[in-house]
Amino acid sequence: MYDPLHDLSPGQSQPYPDSYWAAHSGPAPADDGALTQDCTVDVAIIGAGYTGLSAAYHLATEHGVKALVLEANQTAWGCSGRNAGFVLKSSGRKPYAQMQKQWGEAVMRGVYQEFNAGLDRVRQLISLGIDCDQQEPGYLRMAHKPSMVPTLQAQARLLQQTFGAEVELLSRSEVHQQYVADQQSFGALRFADAFGVNPLKLAWGYQQLARNAGVMIHTASPVQQWQTDGRTQVLHTPQAVVRARKVILATNGYTPKQLHPGVQSRTLPVLSQIIVTEPLSAAQLAACNLLTSQVVMDTRALKYYYRKLPDNRILFGGRGAITGRDAENPFYAERLLEVLKLSFPALHNLRYDYQWSGWICMSLDDIPHIYQADAHADVVYSMGYCGSGLSFSVQAGKRLADKVMGLTQPDLPLFQSALPKFPLAPLRRVGQWGYFHYGKLKDQWW
Ligand SMILES: Cc1cc2nc3c(=O)[nH]c(=O)nc-3n(C[C@H](O)[C@H](O)[C@H](O)COP(=O)(O)OP(=O)(O)OC[C@H]3O[C@@H](n4cnc5c(N)ncnc54)[C@H](O)[C@@H]3O)c2cc1C
């Protein structure tokens with residue numbers, strides 16, 4: 001599997017992974033095919049995931065700029081077409097309590113508003129006519145051990161008192177009776193405003209909106225070489241060269257090694273793995289009291305997440321392999337199935353029909369950064385959603401569009417500083433391995 005820390009390119013025209021989404025979304029809508037003629041544009045966007053598509057859409061609809069999108073493989077071939085489809089009001093891994101301590105109340109509120117705006121923006125774009133199999137609203141953050149219940153209580157207080165958020169605490173028996181009899185749940189914090197979608201159909205919907213607004217989306221067009229000629233960015237694809245005044249780098253966890261020095265050694269791509277089981281029978285659903293299609297994630301440092309899909313399968317996810325070379329090893333899918341069965345012992349004979357993985361993008365300081373990669377702000381990026389970018393990527397795309405147009409960005413750490421460099425960058429994977437071991441101990445014992 002493509003490994004961004006080792007490979008110089010994500011390939012060209014690669015098919016989608018064998019995911020449940022690829023098998024259940026129908027034919028891909030038309031795009032503009034490979035770029036075959038040299039051209040000069042105001043804005044080029046590298047990467048056709050949610051970030052790149054949103055930037056293109058907002059540039060066209062709010063600023064009248066028709067950007068050119070270059071995608072190495074297919075639209076949403078990266079994370080955007082292979083994620084779990086949990087549309088949550090969040091990004092990054094930094095808790096609000098920590099933001100409050102480090103940055104103060106006003107900044108914490110500002111970040112919350114940005115994440116909220118991301119969720120609103122997804123809803124608004126869906127309302128323009130995107131069919132993405134939206135499921136019932138609600139997100140259950142499950143306490144995976146009794147000692148996590150006070151943590152959820154503190155989170156509920158902060159969210160209710162500071163933001164007036166619509167959250168409720170549920171006891172273990174309330175969770176078991178009203179939602180799902182998950183044996184690894186000791187209670188939950190329920191957020192009213194999240195929901196599940198088919199992520200690939202969502203991305204295709206964004207593509208359609210952008211193309212309707214006049215954007216050209218060239219798939220099978222990897223940027224293989226990047227030069228700067230004065231203030232012009234020169235992007236080489238296999239069949240044509242693009243000269244652009246500004247470039248938006250929207251490659252996130254799939255950014256190949258050495259694509260641009262401005263983002264080199266500033267992210268850590270980490271594999272997240274998903275399995276989708278065979279459909280559950282009515283008896284199996286009843287045995288787990290699996291009443292809900294709301295999205296579920298636990299409180300572990302090494303999180304597991306799941307949801308019931310419209311055809312009564314369970315999508316279950318968690319961490320995967322460390323390297324791309326090991327990504328296809330069935331051990332990781334089997335491990336997820338074992339954990340699923342700890343939650344639902346009645347499903348001891350259940351098998352999975354689909355398994356795949358993808359590179360989420362971690363930042364050193366646990367927050368995304370929307371910033372410039374060069375001295376002149378001619379190259380800007382948004383990266384580091386830390387595995388939770390489904391809604392925020394769309395807001396980031398809007399901010400990127402504003403940024404290339406020279407508009408002022410909100411005075412928040414997300415927009416005012418570059419992704420910090422990882423110290424000892426060549427050893428990032430060793431650090432990840434160490435964190436996985438620490439996380440395992442923490443989740444079990446502390
Ligand atoms: C298994 C998994 C589950 C997840 N679940 C959730 C979830 O439930 N909720 C949530 O909020 N987030 C989730 N995420 C994270 C979320 O999917 C991402 O944050 C989001 O999709 C990032 O979108 P993006 O557009 O920034 O990047 P991507 O969608 O990764 O797009 C980057 C694109 O850049 C292209 N590219 C790279 N290099 C080049 C080049 N040189 N030339 C041209 N193109 C290039 C790639 O081919 C790729 O298509 C999950 C991620 C994974 C992997």
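Indexing begins at 1, ligand by ligand and atom by atom, following the structure's order.
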Colleague: Run the numbers for me: atoms of ligand 1, each under 4.0 Å from some heavy atom of Pro256, listed by number.
Modeller: 38 (N), 41 (N)
Colleague: For ligand 1, is Gly387 a contact, meaning one of its heavy atoms is under 4.0 Å away?
Modeller: yes
Colleague: What part of Trp356 sits under 4.0 Å from ligand 1 if we count only heavy atoms: the side chain, the backbone, both or neither?
Modeller: neither
Colleague: Atoms of ligand 1 less than 4.0 Å from Ser388 heavy atoms?
Modeller: 10 (C), 11 (O), 12 (N)
Colleague: Show the atoms of ligand 1 that are less than 4.0 angstrom away from any heavy atom in Pro222.
Modeller: 42 (N), 43 (C)
Colleague: My understanding is that we take every heavy atom of each candidate and find the minimum distance to atom 44 (N) of ligand 1. Doing that for Gly85, Ser221, Ala72, which one comes out nearest?
Modeller: Ala72
Colleague: Can you list the ligand 1 atoms lying under 4.0 Å from a non-hydrogen atom of Leu70?
Modeller: 43 (C), 44 (N)
Colleague: Can you check whether Gln74 has an N/O within less than 3.5 Å of an N/O in ligand 1?
Modeller: no
Colleague: Ignoring angles and geometry beyond distance, decide whether Asn83 reaches within less than 3.5 Å of ligand 1 through its nitrogen or oxygen atoms.
Modeller: yes
Colleague: Going by the order shown, which atoms of ligand 1 are within less than 4.0 Å of some heavy atom of Ser272?
Modeller: 1 (C), 2 (C)
Colleague: With a cut-off of under 6.0 Å to the ring centre and 45° to the axis, is Arg319 in cation-pi contact with Phe436?
Modeller: yes
Colleague: Within ligand 1, which atoms have a heavy atom of Phe86 less than 4.0 Å away?
Modeller: 7 (C), 8 (O), 9 (N), 10 (C), 11 (O)
Colleague: With a cutoff of 4.0 Å, is Leu88 in contact with ligand 1, counting heavy atoms of the residue only?
Modeller: no
Colleague: What atoms of ligand 1 come within less than 4.0 Å of a heavy atom belonging to Gly78?
Modeller: 29 (O), 30 (O), 48 (C), 49 (O)
Colleague: Can you see whether Thr51 engages Ser382 through a side-chain donor-acceptor pair at a distance of less than 3.5 angstrom?
Modeller: no
Colleague: Which of the atoms of ligand 1 are close to Ile46, meaning less than 4.0 Å from one of its heavy atoms?
Modeller: 40 (C), 42 (N), 43 (C), 44 (N)
Colleague: Assess Thr255 for proximity to ligand 1: is some non-hydrogen atom of it under 4.0 Å away?
Modeller: no
